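All values below were derived from every heavy atom in this structure, side-chain atoms included, with hydrogens, water molecules and symmetry-related copies excluded. Predicted, not measured: the structure shown is a model, and the values here were computed from it.
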Amino acid sequence: MQYLAEGLRLPTNGLDYTILAIYFVVVLGIGFAARASVKTSLDFFLSGRSLPAWVTGLAFVAANLGATEILGMAATGAQYGVAVVHWYWIGAIPAMVFLGLVMMPFYYRSKVRSVPEFLLQRFDRSAHLLSSVLFAFAAILIAGVNLYALSIVVEALLGWDRWVAIVVAGVFVLLYITIGGLSSAIYNEVLQFFVILAALIPITLLGLKRVGGWDGLSGSLEKEHGTDFMSAWGGTGIGDANPLGANWLTIILGLGFVLGFGYWTTNFAEVQRALSAKNLSAAKRTPLIAAFPKMFIVFLVMIPGLVAAVVVPSIGAGGKNDPSYNDAIPLLMRELLPNGVLGIAVTGLLAAFMAGMAANVSSFNTVFTTDIWARYVKKDQSDAYYLRFGRLITAIGVLASIGTAFIAASFSNIMTYLQTLFSFFNVPMFVVFIIGMFWKRASMKSGVWGLAAGTTAAMVNYFVIYKQGIIDIPTDQGANFVSAIVGFVAGAVVMVVVTLFTAPKPAAELAGLVYGTESPDTDEAPGDGDDAWYRKPALLGWGAVVLAAACYLPYSL
């Protein structure tokens with residue numbers, strides 16, 4: 001992430017700092033209030049599976065609405081225009097609906113405490129251990145991104161030293177998660193959701209007023225950047241050049257299917273919120289409820305970016321004194337907001353950072369405690385022991401996040417960094433999940449080999465094929481889309497091949513874990529019979545080959 005422009009300071013006063021202080025007091029108050037409900041490890045890690053759907057639904061969307069997304073997507077709007085809607089309408093909504101309607105019944109009925117634990121039930125211990133380690137590592141990296149971004153923003157906007165911003169935010173997240181567990185994180189995320197909206201709505205409305213409404217905004221940007229800038233699909237034909245560096249095929253397959261489904265259906269930082277719901281119906285409705293605000297939030301991050309491109313013509317010009325695209329939101333905050341409202345906006349940014357960090361830390365402590373420590377290191381300890389250890393590993397996770405925060409400094413754009421991590425870690429897990437859920441024959445050993453192959457292939461594509469210039473892909477973002485497709489294809493092909501030479505899991509152990517099989521505790525079956533198209537390995541294999549060819553074809557034309 002580029003540093004925010006030098007000299008960019010907000011004219012904050014005592015009123016703004018009072019609003020910020022009140023918010024921090026409320027956050028800690030929620031943590032202490034939630035402490036009374038934490039009596040067992042299940043309470044700490046999954047809120048005792050007791051929360052209503054509207055709470056888990058809002059927490060689901062807030063956990064994703066970190067400040068890296070707010071700053072990053074506004075920057076994407078300023079740089080690429082209306083194409084930013086693809087990350088929401090193509091890369092999020094379909095996958096969220098799929099998670100609610102198709103995958104949550106598998107997760108919830110199996111009574112797993114984490115996403116990797118599902119792989120233990122469906123495949124074997126090796127797939128479970130590898131997925132647990134990969135997820136724990138990725139969660140700490142992503143939490144570190146939020147801390148690093150927060151430190152830069154707070155230093156630029158408020159003048160705080162960077163280490164002060166990191167320590168203050170880290171301590172507050174540590175306190176309210178350690179005290180109240182997941183319930184504290186979720187209820188704070190509900191609060192943070194509304195605080196974030198209270199920050200973004202005034203910026204959006206006042207920004208539109210400044211540029212003469214939508215018509216004035218469109219006219220100015222089309223005159224400066226061309227009509228494609230205000231069109232989501234303009235210039236995305238195969239072989240056409242566009243700033244995003246991606247065409248319609250890689251947008252749909254790389255972002256919409258592989259990255260989007262990979263993130264929303266297997267990222268435990270999101271799925272954990274649905275697993276904490278009080279029953280299956282509430283768990284299924286969690287991502288569906290979240291999809292409604294997600295559908296419209298794009299306007300609250302895209303429009304400020306577009307407005308900034310008009311109000312500050314030099315944004316992204318690259319000169320020493322020119323603001324970067326990442327400055328879009330802070331610039332508008334300084335230009336448009338009066339004191340008081342400015343305090344709410346600053347609080348909203350801090351709330352967004354804390355929500356993103358808390359989501360990853362709370363998912364990390366669950367996976368590390370239940371999937372790694374309790375299963376492979378210290379088995380058969382008392383529940384009180386795992387509750388204490390969960391609180392300890394939360395502190396360690398926050399400290400580790402502070403360390404990984406500076407890894408993000410090597411990337412010029414935080415959203416690019418996050419998409420790179422998703423292509424490495426979430427996509428391979430998604431292919432293992434989706435084949436395991438829809439193909440009964442998928443063998444026990446195919447899970448770990450598919451996961452390893454997908455992760456390796458995505459990294460090779462990014463660091464070797466793209467970075468070494470073997471194939472010319474215009475941008476890092478375009479390379480991420482291709483890496484995601486490559487990781488998915490490699491994982492699918494390897495799973496099919498390994499399955500043909502290894503033994504399947506006994507049919508009696510697959511009840512409720514594969515589409516079309518009845519759950520052991522219910523007469524309901526998640527799907528239909530065994531002759532469905534998705535159970536045929538030949539079709540899966542040929543589909544993966546076609547997808548692989550389609551991946552590189554656009555860049556050879």
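In this structure, Val367 and Pro116 have side chains that are in contact, with non-hydrogen atoms separated by less than 4.5 Å. Taking the side chain as every heavy atom from C-beta outward, Phe44 and Thr369 never approach each other to under 4.5 Å. Side-chain contact between Leu99 and Tyr107 is present, with heavy atoms from C-beta onward closer than 4.5 Å. Residues Phe229 and Lys223 fail the side-chain proximity criterion, which asks for heavy atoms closer than 4.5 Å. The shortest side-chain heavy-atom distance between Val310 and Arg210 does not fall under the 4.5 Å cut-off. The side-chain heavy atoms of Leu337 and Pro202, taken from C-beta on, include a pair separated by under 4.5 Å. A heavy-atom distance below 4.5 Å is not found between the side chains of Phe364 and Ile142. Taking 4.5 Å as the limit, every side-chain heavy atom of Val482 sits out of range of all side-chain heavy atoms of Tyr466.
The minimum heavy-atom distance between Ala95 and Gly260, with the atom names listed, is CB-O, 3.5 Å.
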Set out, in order, the CA-CA distance, both residues' side-chain angles and the distance that settles side chain to side chain contact (heavy atoms under 4.5 Å, CB included) for Ile297 and Phe193, then state yes or no. CA-CA 11 Å; Ile297 284 172; Phe193 173 76; 4.0 Å; yes
Verify side chain to side chain contact (heavy atoms under 4.5 Å, CB included) between Val301 and Tyr88, making sure each step is shown before the conclusion. CA-CA 11 Å; Val301 294; Tyr88 291 78; 3.4 Å; yes
Stepwise, does the side chain to side chain contact (heavy atoms under 4.5 Å, CB included) test hold for Met104 with Leu275? CA-CA 8 Å; Met104 280 315 303; Leu275 287 178; 4.0 Å; yes
Can Val211 and Ser220 be said to form a side chain to side chain contact (heavy atoms under 4.5 Å, CB included), step by step? CA-CA 8 Å; Val211 297; Ser220 298; 5.9 Å; no
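With hydrogens and angles disregarded, a donor-acceptor distance shorter than 3.5 Å links the side chain of Trp89 to the backbone of Met295. With hydrogens and angles ignored, the 3.5 Å screen pairs no side-chain donor or acceptor of Ser218 with any backbone N or O of Asp215. Checking side-chain atoms of Tyr108 against main-chain N and O of Ala277 turns up a donor-acceptor pair under 3.5 Å.
With rounding to the nearest 0.5 Å, the separation of CG in Leu342 from CG in Leu20 is 11.0 Å. Atoms CZ and CG, on Phe24 and Leu175 in that order, are 11.5 Å from each other to the nearest 0.5 Å. With rounding to the nearest 0.5 Å, the separation of CZ in Phe299 from OG1 in Thr204 is 11.0 Å.
Considering only residues two or more places apart in sequence or on other chains, Ser363 meets the side chain to side chain donor-acceptor pair (under 3.5 Å) condition with none of them.
The distance between the ring centers of Trp264 and Phe60 falls below 6.0 angstrom.
None of Phe430, Phe425, Phe135 except one satisfies the side chain to side chain contact (heavy atoms under 4.5 Å, CB included) rule with Thr266; the exception is Phe430.
A donor atom on one side chain and an acceptor atom on the other are found under 3.5 Å apart for Asn365 and Thr394.
Between Phe422 and Tyr263, the two ring planes are tilted [angle within 30° to 60°].
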